[in-house]
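Predicted, not measured: the structure shown is a model, and the values here were computed from it. Order of the sequence lines fixes the chain letters, A, B, ..., with proteins taken first and strands second; residue numbering starts at 1 for each chain.
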Amino acid sequence: MSQHDNEPVEVRIRIGGPAGFGIKAAGQTLARLFMHAGYETFDLTEYPSLIKGGHNNYLLRVSTEEIFSHVEPVDILVALDADTVRLHLGELTEGGAVIFDPEAVDIDEIEGVPDSACLIDVPLKQIVYDAGGVPIMRNTAALGAVLGHMGFPLEYLTDSITAQFAHKKPEIAEQNVACATAGYEYASEHGCAFPYEMAPRERRGGEERILVDGNEAAGAGALAAGIGLYCAYPMTPASSLLHFFAKHGETYDVVTKHTEDEIAAMNMVCGGAFGGTRSMCATSGGGFSLMVEALGMAGVSESAVVVGLFTRPGPATGMPTWTEQSDLRYAIHASQGEFPRVVLAPGDRDDAFHLTWQAFNLADQLQTPVILLGDSYLSDNRQSIPPFDTSRVEIDRGDLIAEGEVSEYRRYAVTDSGVSPRALPGVTGAEQIVNSYEHDEYGFGAQGEIAEVRIAQNDKRMRKLDLARTLVPPPAYFGPEEADLSILLFGTTKMPVREAMKWLERDGVSVRMMQLVTVWPFPAEEVSAFLGEAKRSAIIEGNHTGQLQGLVREQCLVDVDHTLHRYDGRPFSPEQVRAFIEEVCG
Amino acid sequence: MPAVKEYTTTNKPTWCPGCGNFGMWEALKRALSELEMEFADYSVVWGIGCHGNGADFLKTQGFHGLHGRALPVATALSLTRPDLKVIVEMGDGDGYGLGMGHFVHTVRRNVDITCIAHNNQIYGLTTGQASPTTEHGMRTVSTPSGVLEEPVNPIGLALAEGATFVARGFAGDIPHLTELYKEALRHEGFALVDVFQPCVTWNKLNTFSWFRERVYKLEESGHDTTDRTAAFDLSLTTFHDMTCTPEECRIPIGVFYREEDTPSYNAGVKASQTPGWRSAREPRDISDLLASFS
């Protein structure tokens with residue numbers, strides 16, 4: 001059964017069609033079965049902001065070796081409509097297959113189909129009709145055809161279908177199994193030879209895998225941290241985190257509220273944090289804009305809140321379902337006035353889990369907002385990864401005063417660290433006003449306008465930024481210390497760059513990468529050292545204006561030699577990164 | 001049980017002499033004292049406005065939030081701290097203007113909050129602009145030719161959105177207001193007490209004497225507080241042409257409507273039955289969740 005070749009085997013499958021065809025769900029079924037069969041998977045969903053029609057597609061990369069991102073080429077293209085063939089023909093590898101229903105796609109009408117392409121005309125509609133199913137089951141027939149073409153055991157699919165529909169009427173599962181089987185048989189009989197040998201395999205060491213996207217990872221991290229309140233207004237790509245808490249909130253005792261707007265969401269998490277509950281909200285740029293006044297309130301009132309800012313191309317409504325890294329400066333600077341904040345930028349799913357539970361600790365230790373800066377590329381897409389190491393999770397609620405320990409309470413006592421011991425409401429003697437106004441040590445606004453009081457409180461708050469520097473996660477480094485090129489980046493660009501580094505290493509090009517895990521407070525010393533030691537340096541970031549580059553200039557008084565930007569809504573691909581590195585390394 | 005005066009902080013009130021906020025402050029202190037509320041039993045959340053300056057004067061473990069945003073802060077506190085009685089103090093510009101969206105949604109949720117609206121029908125702290133409840137035709141610094149809009153009807157709005165306790169008070173009748181506060185604080189669910197609170201500096205129309213000549217008590221009028229339609233009709237009689245005589249304008253105060261058996265939003269949320277901080281004493285076991293990802 002198992003295959004222990006040294007040669008890595010990799011297959012890329014793209015499923016495309018109009019919205020409403022269940023393309024993402026079908027693709028995830030495929031991802032899960034390959035994960036169960038011992039492979040690594042990485043998916044990328046592309047979809048317009050609509051419910052029916054348009055062009056949706058789901059790209060799945062399946063590999064025997066560790067992978068870090070999606071890639072551009074496609075070996076098997078499943079086209080549920082003619083647009084899918086037209087739009088993705090150029091990605092087809094030599095000898096790649098196109099699986100289509102001749103009733104939906106007139107392949108002869110489409111220009112540029114290479115002679116080498118393996119055309120598999122599966123009568124999907126007829127198969128569904130014969131099985132007595134409903135139109136959406138074309139997906140299942142197509143998945144069957146994918147496995148049939150690959151010669152991969154059908155049971156992996158049928159088992160998964162049986163499990164998936166276990167709680168529905170038995171005929172649903174039966175019809176789906178019939179569709180899968182018919183698609184499988186048709187493709188195995190009518191297809192051409194599949195160039196790779198793909199079979200279920202033992203994963204080295206037999207390690208377990210989980211299949212998660214960034215929002216599920218962040219949700220798991222928040223649950224582990226003891227979150228008790230999650231508030232949000234739906235906004236792509238953060239909405240699935242609201243669904244996550246709506247689904248799991250009752251099991252894990254998390255008050256989950258779909259609020260009337262993001263203003264309410266952010267004010268609510270301040271209220272939750274005031275009561276001592278670990279509280280989080282998440283949104284994208286537009287919703288964050290509504291949250292900003294209350295973000296500032298969290299700063300001045302010293303509220304321990306966690307805010308997810310999962311970005312997409314802006315400004316305004318922008319490109320709702322696509323990705324971009326153009327809110328870095330916004331995350332760091334949003335709000336009038338000045339206050340300390342921490343901005344953490346997860347680069348992949350494991351980061352999303354660990355940085356989220358750490359964000360709750362930092363928020364409590366510093367009594368100030370912590371922002372998790374992600375993006376659609378991370379939020380929306382799943383990867384097979386080892387289960388999160390939950391043994392690392394720790395809970396630190398910061399400086400809390402318990403019942404019976406309060407005397408002469410001053411909520412905003414001026415301290416050397418800037419952190420004032422916190423007594424929650426309900427604790428005897430903990431009279432206080434947690435205040436959006438500038439205030440004195442007791443929280444009273446009336447005295448907040450006295451110049452000396454203002455200075456003392458402002459200085460106290462800003463001292464927490466120095467404390468933050470000692471608590472926040474350090475930058476992460478990848479690649480050899482001596483390298484041809486040193487790349488600085490933040491967030492999800494980590495994934496395609498790691499993938500490109502893997503390829504380039506085989507070609508003898510050495511790259512070192514520094515990932516800013518904490519983007520604020522900015523690790524200026526580390527960045528200066530990194531760039532100072534670089535033979536040649538570059539910044540890769542998903543925006544137009546070079547926001548990270550600007551920060552480096554401002555904070556380190558240096559610049560980099562090369563930059564690569566992308567702002568078309570798509571994530572960097574490792575191919576693009578490799579081409580850039582090869583070019584700058586001459 | 002703290003005495004009334006113990007609910008006062010060391011800060012000297014900065015409201016104008018004769019301000020309606022003094023009467024509301026006094027009535028709330030009396031209500032808290034008579035209900036034997038210790039300082040750790042309740043939490044007050046304020047918005048921004050003259051009313052909000054009261055955060056400095058009332059002894060509590062409270063939160064002075066943003067303009068218009070007291071209700072969402074209080075909602076979260078109520079849903080995560082079942083051991084606290086949560087009180088909101090908001091203004092008419094604050095709660096019915098900027099925060100109107102939150103008001104309507106909090107009412108329809110029936111979150112367990114006692115919401116006290118300081119309704120002086122003017123912007124006080126920003127020096128005299130028309131507020132959402134300023135009467136039609138009134139001239140202010142922002143409406144020199146007179147207000148063109150109809151005023152917001154908070155009682156009618158709350159009733160329309162399914163409020164389970166709706167009352168109106170008058171800052172010039174402290175004993176009556178104290179009783180209203182006590183009933184609202186005993187209510188489980190969202191309780192609105194909209195209080196006419198004359199602004200002696202900026203509102204020269206709706207003065208203490210103007211109200212004294214016009215208010216009457218619902219409990220003395222035979223009003224049935226379980227009759228929602230009758231309550232709604234009464235809410236429509238509040239605002240009249242500003243030149244109306246005391247005989248023409250009769251302004252009801254007291255409880256308009258109450259429902260005792262409607263469950264609060266809090267009652268429907270399992271996680272709201274225990275304080276939220278209890279979930280974060282040690283890392284949660286998420287092994288079942290992780291298993292569902294495999």
Side-chain angles (χ1 to χ4, degrees), chain A residues 208-212 216 220 223-229 231 248-250 252-255 257 259-261 263-264 267-272 274-279 293-294 297 301 357 360 387-388 390 393-395 397 424-428 430-437 443-446, chain B residues 9 11-12 14 38-41 43 45-46 48 52-53 55-56 59-81 83-84 101-102 104-106 269-272 274-291 293-294:
Chain A
E208 284 176 67
R209 288 289 182 273
I210 56 172
L211 190 65
V212 286
E216 288 164 332
L223 281 183
I227 186 175
L229 176 69
C231 300
H248 299 294
E250 186 150 316
Y252 291 101
D253 278 338
V254 183
V255 176
K257 188 75 204 90
T259 55
E260 57 269 33
D261 51 36
I263 299 174
N267 279 279
M268 279 194 198
V269 295
C270 290
F274 169 55
T277 301
R278 286 198 150 178
S279 303
E293 189 188 19
M297 174 172 77
S301 67
W357 67 257
F360 282 96
F388 305 121
T390 53
V393 179
E394 290 169 7
I395 298 228
R397 299 294 328 253
L424 301 178
V427 168
T428 309
E431 281 72 70
Q432 58 187 295
I433 295 295
V434 168
N435 211 329
S436 74
Y437 276 100
F444 293 130
Chain B
T9 68
N11 296 306
K12 189 168 174 283
T14 49
E38 301 287 342
F39 304 120
D41 294 340
S43 181
V45 182
W46 283 267
I48 298 294
N53 289 349
D56 284 352
K59 193 182 273 191
T60 183
Q61 306 176 344
F63 194 107
H64 195 171
L66 295 170
H67 188 55
R69 316 298 178 196
L71 283 171
V73 171
T75 295
L77 190 61
S78 173
L79 292 178
T80 56
R81 291 297 303 269
D83 51 328
L84 296 174
H102 306 309
V104 169
H105 289 287
T106 312
V269 181
K270 183 180 142 251
S272 289
T274 48
W277 52 262
R278 287 196 189 166
S279 294
R281 287 180 292 195
E282 56 190 46
R284 263 206 196 92
D285 177 2
I286 57 163
S287 47
D288 287 349
L289 178 78
L290 295 186
F293 292 147
S294 65

Measuring only between side-chain heavy atoms, which start at C-beta, is [X] closer than 4.5 Å to [Y]?
{"X": "B:R81", "Y": "A:L424", "value": "yes"}
{"X": "A:I263", "Y": "B:H102", "value": "yes"}
{"X": "A:F274", "Y": "B:V73", "value": "no"}
{"X": "A:P425", "Y": "B:L84", "value": "yes"}

For [X], which atoms come within 4.5 Å of any heavy atom of chain B: side chain, backbone, both, or neither?
{"X": "A:T259", "value": "backbone"}
{"X": "A:E208", "value": "neither"}
{"X": "A:Y252", "value": "both"}
{"X": "A:R397", "value": "side chain"}

Using non-hydrogen atoms only, which part of [X] is less than 4.5 Å away from chain A: side chain, backbone, both, or neither?
{"X": "B:S43", "answer": "side chain"}
{"X": "B:L71", "answer": "neither"}
{"X": "B:T75", "answer": "side chain"}

Who among [options] has the most heavy-atom pairs with chain B under 4.5 Å?
{"options": "A:S279, A:A224, A:G445", "result": "A:A224"}
{"options": "A:N267, A:L211, A:I210, A:I227", "result": "A:N267"}
{"options": "A:Q432, A:E431, A:E216, A:K257", "result": "A:E431"}
{"options": "A:G443, A:A446, A:A430", "result": "A:A430"}

side-chain contact (heavy atoms from CB on, under 4.5 Å) for A:C270 and B:L66? Distances and angles first, verdict last. CA-CA 11 Å; A:C270 290; B:L66 295 170; over 6 Å; no
Stepwise side-chain contact (heavy atoms from CB on, under 4.5 Å) check, A:I433 with B:T9: CA-CA 11 Å; A:I433 295 295; B:T9 68; over 6 Å; no
Between [X] and [Y], which heavy-atom pair has the shortest distance, and what is it?
{"X": "A:E250", "Y": "B:K270", "result": "O-NZ, 2.7 Å"}
{"X": "A:A220", "Y": "B:L289", "result": "CB-CD2, 3.7 Å"}
{"X": "A:A225", "Y": "B:A280", "result": "O-CB, 4.0 Å"}
{"X": "A:G276", "Y": "B:W277", "result": "O-CB, 3.1 Å"}
{"X": "A:V255", "Y": "B:L79", "result": "CG2-O, 3.6 Å"}
{"X": "B:A76", "Y": "A:L229", "result": "CB-CD2, 3.8 Å"}

Evaluate side-chain contact (heavy atoms from CB on, under 4.5 Å) for A:W357 paired with B:R284, printing each intermediate quantity in order. CA-CA 11 Å; A:W357 67 257; B:R284 263 206 196 92; over 6 Å; no
Find the one option among B:S78, B:G62, B:S279, B:A40 whose heavy-atom pairs under 4.5 Å with chain A are most numerous. B:G62
Sidechain-backbone polar pair: B:D56 side chain, A:F444 backbone, donor-acceptor under 3.5 Å: no
Report yes or no: does B:Q61 contribute a side-chain atom to a donor-acceptor pair with the main-chain N or O of A:V427 at less than 3.5 Å? yes
Hey, what do you get for CE (A:M297) to CZ (B:R69), rounding to the nearest 0.5 Å? 10.0 Å
Roughly how far, to the nearest 0.5 Å, is CD of B:E38 from OG1 of A:T428? 8.0 Å
Take B:N53 and A:Y437 through the test side-chain contact (heavy atoms from CB on, under 4.5 Å) and record every step on the way to the result. CA-CA 10 Å; B:N53 289 349; A:Y437 276 100; 4.0 Å; yes
